[in-house]
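Report on one structure; see the data block that follows.
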Amino acid sequence: MNTEEIPSSCFQRTAAVLQVNSRTVRPMRDFFVERLGFELGTEIGTGPKFVTLDRDGQTIMLACHRTFGFRKHGWAAYFWVENIEALHDEFERRGAKLKSPITDKPYGCREIVAMAPDGREIVFGEITGAQAD
């Protein structure tokens with residue numbers, strides 16, 4: 001592969017995605033805010049179902065699911081990137097299994113999801129800032 005002809009993308013940062021359930025999502029959110037000094041970023045859904053918490057340029061995501069235990073499906077890691085189109089093209093050239101084309105999300109990101117061999121989703125998002133109400 002001739003790398004001089006390939007537009008490049010740039011990874012900016014990554015976030016851990018912690019699985020929680022309906023009983024633990026609020027205590028976990030509150031723990032990160034009140035005890036560890038994180039700021040509340042995004043909350044989606046009732047319960048809530050999804051939370052981002054930020055501190056010093058780092059993010060923790062809480063994803064609410066019904067049960068605990070090892071999940072073979074769903075987000076395992078999230079990477080913020082620059083130039084999502086170039087990264088998408090690179091992944092396609094490399095033969096990565098992608099869940100869908102680049103998708104605009106209501107929380108202000110354009111994302112691609114690469115499927116790991118065990119079914120977990122490795123997500124790459126470029127911040128657009130355009131959040132849906």
Under a plain distance cut-off of 3.5 Å, with no hydrogens placed, do R110 and T103 share a side-chain donor-acceptor pair? no

So do the side chains of V123 and F79 get within less than 4.5 Å of each other, counting heavy atoms only? no

Output yes when R55 and E39 qualify as a salt bridge under the 4.0 Å nitrogen-oxygen rule, no when they do not. no

Looking only at non-hydrogen atoms, find the nearest pair between S22 and V25 and report the distance. O-CG1, 4.0 Å

Sub-4.5 Å side-chain heavy-atom contact between V51 and M61: no

Considering only heavy atoms from C-beta outward, does the side chain of C10 approach that of W80 to under 4.5 Å? no

Heavy-atom side-chain contact between K49 and I44 under 4.5 Å: no

Distance, nearest 0.5 Å, that separates CD1 of I112 from CD of E85: 9.5 Å

Taking it one step at a time, do E126 and Q12 satisfy side-chain contact (heavy atoms from CB on, under 4.5 Å)? CA-CA 9 Å; E126 182 173 29; Q12 295 175 318; over 6 Å; no

Does T52 offer a backbone N or O that forms a donor-acceptor pair with the side chain of T42 under 3.5 Å? no

Contact check, side chains of V113 and L98, non-hydrogen atoms, under 4.5 Å: no

From T128 atom OG1 to K105 atom NZ, the distance as rounded to the nearest 0.5 Å: 12.0 Å

Would F38 and V20 show up in the same hydrophobic cluster when neighbours are defined by side-chain heavy atoms closer than 4.5 Å? yes

What are the two closest non-hydrogen atoms of V17 and A63, and how far apart are they? CG1-CB, 4.0 Å

Once you round to the nearest 0.5 Å, how far does NE2 of H88 lie from CD of E111? 13.0 Å

Residue pair R29 / E43, side-chain heavy-atom distance below 4.5 Å: yes

With rounding to the nearest 0.5 angstrom, report the NZ to CD1 distance, K99 to I122. 12.0 Å

Minimum heavy-atom separation for A86 to S8, with atom names? CB-O, 3.9 Å

Report whether I102 and M115 are members of the same hydrophobic cluster (ILVMFWY, side-chain heavy atoms less than 4.5 Å apart, transitive linking). no

Shortest non-hydrogen pair, P48 vs C64, comes out as O-CB, 3.9 Å

Validation row: L87, F11 side chains within 4.5 angstrom (heavy atoms): yes

Does the S9 side chain pair with the main chain of N83, one donor and one acceptor, at a distance under 3.5 Å? no

Does some side-chain heavy atom of L53 sit less than 4.5 Å from a side-chain heavy atom of L62? yes

Quick one: are the ring centres of F124 and F91 less than 6.0 Å apart? yes

